[in-house]
Every structure is written in C-alpha cells, then in structure tokens.
Number of protein chains: 2
Amino acid sequence: MGRGKVELKRIENKISRQVTFSKRRSGLLKKANEISVLCDAEVALIVFSAKGKLFEYSTDTSMERIIEKYERHSYAEKNHTMNSKPKENNLCIEHPKLMARLEVLQRNMRNYEGEDLDPLSLRELQSLQQQLDSALKRIRTRKNQLMQESISVLQKKVKEKEKQEEQQQEPLLPQTSLTFTLPPQLLHGTSSLTICGGQEPTTGAEEDGNRAPPRDPNTRIPPWLLRH
Amino acid sequence: MGRGKVELKRIENKISRQVTFSKRRSGLLKKANEISVLCDAEVALIVFSAKGKLFEYSTDTSMERIIEKYERHSYAEKNHTMNSKPKENNLCIEHPKLMARLEVLQRNMRNYEGEDLDPLSLRELQSLQQQLDSALKRIRTRKNQLMQESISVLQKKVKEKEKQEEQQQEPLLPQTSLTFTLPPQLLHGTSSLTICGGQEPTTGAEEDGNRAPPRDPNTRIPPWLLRH
DNA sequence: GTATCTATATATAATAT
DNA sequence: TATATTATATATAGATA
C-alpha cells in the first residue's frame with residue numbers, strides 16, 4: 001500500500017514506526033467511522049500508542065455505552081463456559097467504577113423500556129428499535145417453542161387416555177376417538193397469548209395485535225397452558 | 001475504493017449494506033491487527049452490527065485489560081472537570097449489595113435483548129413481550145416526533161428560499177411554487193430510516209422494512225436529517 | 001511530530017456465482 | 001449468505017521539507 005510492501009512484523013526503525021503509526025491511526029479511525037455510518041453499526045475503537053498515548057473513536061460519542069454492552073455480551077458467554085466462580089475477578093472493582101457502570105446500565109435499561117428517549121438522536125433511536133425488533137423476534141420464537149412442547153405433552157396424554165378407555169370399555173366406534181388435530185395457527189407465535197390467525201400484528205407496535213378477534217373461540221389457549 | 005464512489009451516509013439498500021458491512025468489518029479488523037503489530041500499539045476494537053451481533057479485535061486477546069486501561073484514562077480526565085463531590089448521594093450502598101443489583105440488572109438487560117430466554121416461563125415471556133411492544137411504540141413515536149420537527153424546519157427553509165426568489169426574480173407562475181405537501185406516509189414511523197410507504201414491517205422483526213422501495217425518491221430522508 | 005508528494009499496494013463496490 | 005472477479009478508489013511507504 002505504498003512504494004514498498006511491508007512485512008507484518010514490528011517496524012524496527014523507530015522513526016518510520018512512529019510515522020506509520022500516525023498515518024495508520026488516522027486511517028483506522030476514519031474507517032471505523034465509515035463502517036459505522038455506512039452500515040449502521042456501533043463501533044468502539046481504542047488505541048494506545050507504544051508510549052501510552054490514547055486515541056479513540058466511538059459511534060455517537062458513547063464509548064461507555066458500547067463498552068457496557070460489550071461487557072454484558074462477553075459476560076454471558078463466559079458464564080456459559082464456567083459458572084463456578086461468578087465473583088472473583090470483578091469482586092474488587094472499585095466502588096466509584098461500579099457505581100458508574102450501574103448508572104450507565106440503568107440509563108440503558110430505561111431506554112430499553114421506552115423511557116427517557118429525549119436525549120437520543122435519530123440514529124440512536126433507530127439502533128434501539130432494531131435491537132428491540134430482533135429481541136422481540138427471538139422472544140416470540142421461544143414462546144412458540146414452549147407452546148409446542150406443551151402441546152406435544154398434551155397430545156400424548158390424550159392418546160393415553162384414549163387407550164385406557166379403549167381397554168376398559170368395549171371398543172366402539174373408533175372413528176369418534178378423542179384424537180384432535182391441532183389447527184395450524186397454534187404453531188405460530190402471535191403478539192398475545194390469544195391466538196388469532198397466526199399473523200404477527202401488522203404494525204408490530206402500533207397496538208397489541210389483539211384488534212382482530214380470534215377466528216375461532218376454540219383456538220384459545222387453555223388456562224393451564226399459561227402456567228408452563 | 002471500488003467500482004463506484006460511495007457517499008458517507010447510511011447505505012439504504014439492505015443487501016449491499018450487509019455485504020459492505022461484512023467486507024469492511026474484516027478490513028477494519030485486519031487493519032487494527034496490522035497497526036498493532038507494525039507499530040507496537042495496543043488496540044481494542046468492538047463492533048456491533050445493526051442487528052446486535054458482536055465482533056471484536058484486541059491486541060494480545062486482552063480486551064478487558066485494554067478497556068480497564070481506557071477507563072483509568074478517561075476517568076482521570078473526568079476527575080479534572082469535576083472532582084468536587086464524587087460521592088454524596090449513594091455513597092453508602094454496601095459493595096456486595098451493589099454487585100447484586102448490577103447482576104440482576106445485567107440479567108434483565110440480557111432478556112431485553114432477547115438473550116438467555118430459556119429459564120423464562122411462558123408467562124414471563126409474555127410479559128417481556130408486552131413491555132418491548134410498548135417500548136417500541138414509544139420509540140417509534142419519538143422518532144416520528146424528531147422527524148417531524150426536522151421536516152418543519154426544512155419547510156420553513158424552503159419557504160424562505162421561495163420568498164427570496166420571488167423577490168429577486170419577477171413573480172411568475174405562483175402555482176409552481178416550491179411548497180410541497182408532505183405525503184401522509186412521512187408522518188408514520190417505519191422500521192428503517194428510509195421512509196418506504198408508511199407500513200411497519202409485517203412481522204415487526206423479520207428484517208429491516210426496506211423491502212418495499214420508496215414510492216417516490218423525493219421522500220427519502222436527506223442526509224443532514226440523519227445528523228439530528 | 002506534521003505535511004506534502006508520488007508510485008504502489010490494498011481495499012472494496014459492483015457484479016455474478 | 002459466502003466467495004470470486006475485476007475495475008476503481010483509497011491508503012500509505014518512502015522520500016523530502
């Protein structure tokens with residue numbers, strides 16, 4: 001990327017190392033900003049020179065917010081691997097730092113709850129919305145999963161019951177058995193626990209998706225299903 | 001740096017935004033590594049995609065170390081500004097209690113991001129979903145508000161321009177004035193910054209809402225609007 | 001340390017697979 | 001989506017001020 005090719009190893013000449021650092025640093029910051037703007041990404045970049053001088057870039061000037069988000073992510077991943085000693089390392093975070101972190105978290109949390117939105121820029125609102133959209137998607141997926149599991153269990157129970165009755169009473173009219181087919185709507189998530197046609201609410205947020213009445217009262221989820 | 005030049009603004013096309021993100025992300029990570037090796041610098045790079053996926057690079061795989069160093073630096077700077085009363089109100093929450101609160105908050109936050117949902121019951125999922133739905137609603141409302149404000153400002157500017165032109169040139173054909181009526185779609189929130197017909201995405205989470213092209217290129221939000 | 005000037009090396013946009 | 005191709009746009013090494 002210049003007159004000569006450079007090996008990927010520490011530049012020995014002190015001068016040219018410094019010069020290269022200066023040039024590449026600004027290039028890196030520029031590219032960090034570009035990907036952030038072009039692709040709607042959140043970027044945090046921290047660079048310490050060999051002598052310890054700090055340079056940084058962060059989307060929307062919210063370095064703390066991004067770092068906090070990062071820590072939550074990596075924290076969760078680590079917990080997957082080793083949840084034996086959940087204290088130890090963070091035990092000794094100094095009190096003021098802890099407080100600061102807590103405050104950032106609380107502020108974020110408020111935003112996730114749709115509160116205190118006034119100081120946010122359009123960009124930040126946009127990002128927040130996308131996050132919530134994808135979170136909601138995952139939540140609906142998980143809900144479906146749980147419901148399907150419950151349904152399977154119930155189906156089994158019904159079949160057992162059926163068998164018992166077949167054995168106790170004399171077999172009669174097997175066609176009118178208790179077996180029931182699940183309506184396909186039951187297998188799709190809805191914005192509310194009331195199943196109403198298997199469609200997500202058109203607007204996703206305008207209201208609750210309850211506007212359309214259930215097509216068939218029999219497709220309501222029975223109360224015992226709600227207890228998980 | 002490719003077949004065409006690109007403006008430094010959000011790429012509206014969803015596909016090419018994703019592709020560009022993927023390419024530039026790897027480019028950025030590569031360069032972060034290069035400056036780190038060539039110039040003996042410590043680098044920490046955190047990138048969250050628009051959908052919240054995490055990518056990271058850090059010198060010597062010690063992200064935490066670098067972040068800590070960063071916090072010490074910026075902390076020192078902050079102390080310069082206001083070192084008068086760094087305690088006062090919550091001085092006396094005991095450390096362990098603070099930690100506990102932090103952990104609870106973090107766990108909640110994860111749920112709000114659609115992660116770690118497995119231990120939640122159907123009821124809890126339902127509640128979570130309702131919370132997010134209403135948060136999203138408020139976020140969209142706030143976004144609309146911001147956009148409308150910007151639009152008002154713009155309308156004013158256009159009118160002023162118009163007046164100036166009327167004064168400078170002789171009045172001619174007032175019917176073809178620059179006044180424009182805002183399409184009703186502009187007044188509803190969309191899932192993306194591109195205004196595209198005023199419809200929320202059908203599922204509220206599937207993707208970006210960019211699938212439908214803008215009905216009229218003139219309804220695109222101008223770049224200066226994005227800067228808030 | 002910074003800034004400017006090339007010649008090259010790289011990155012990547014547009015495109016197709 | 002992931003990768004491959006290719007024409008261009010950028011970044012930057014090396015030199016100099």
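Here is how names work: the chains are called A, B, and so on, in the same order as the sequence lines, proteins then strands, and each is numbered from 1.
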Of the listed nucleotides ([options]), which one gets closest to any side-chain atom of [X]?
X	options	value
Met1(B)	dA13(C), dT12(D), dA11(C)	dA11(C)
Arg24(B)	dT12(D), dA13(C), dG1(C)	dA13(C)
Lys30(A)	dT10(D), dT1(D), dA11(C)	dT10(D)

Tell me whether the OP1 or OP2 atom of [N] has a side-chain N or O from [X] closer than 4.0 Å.
X	N	value
Lys14(A)	dG1(C)	no
Ser22(A)	dG1(C)	no
Thr20(B)	dA13(C)	yes
Lys31(A)	dT12(C)	yes

Checklist line | Rounded (10°) bend between the five-pair end axes of the helix from dT2(C)-dA17(D) to dT17(C)-dA2(D) | finding: 50°
Check: Heavy atoms under 4.0 Å, any strand shown: does Lys51(A) hit a base, just sugar-phosphate, or nothing?
Finding: sugar-phosphate
Margin query: At 4.0 Å (heavy atoms only), tell me whether Lys5(A) reaches a base, stays on the sugar-phosphate, or touches nothing.
Written below: sugar-phosphate
For residues [X] and [Y], is any side-chain donor paired with an opposing acceptor at under 3.5 Å?
X	Y	answer
Asn108(A)	Glu68(A)	yes
Arg123(A)	Ser127(A)	no
Gln145(B)	Arg142(B)	yes

Check: Taking atom types as they are modelled, is there a donor-acceptor pair under 3.5 Å from the base of dG14(D) to the side chain of Lys23(A)?
Finding: yes
Next item on the list: Examine the base of dT6(D) for any acceptor or donor lying under 3.5 Å from a partner atom in the side chain of Arg3(B), and report the outcome as yes or no.
Entry: yes
Next item on the list: Please list all pairs passing the ring-ring contact (aromatic ring centres under 6.0 Å, His included) test where one or both residues lie in residues 4-42 of chain B, with sequence neighbours left out.
Entry: Phe21(B)-Phe55(B)
Next item on the list: Starting from the 5' end of DNA chain D, give me the residue, Leu38(B) or Val19(B), whose nearest nucleotide shows up first.
Entry: Val19(B)
Note to self: Taking the basic N atoms (NZ, or NE/NH1/NH2) and the acidic carboxylate oxygens, is any pair closer than 4.0 Å for Glu115(B) and Arg138(A)?
What the structure shows: yes
Next item on the list: Just do the salt bridge (Lys or Arg N to Asp or Glu O under 4.0 Å) check on Arg65(A) and Glu42(A) with the steps written out, would you?
Entry: CA-CA 10 Å; Arg65(A) 187 191 290 263; Glu42(A) 283 185 297; 5.8 Å; no
Next item on the list: Nearest whole angstrom, please: distance from the P of dT12(D) to the CD of Glu34(B).
Entry: 8 Å
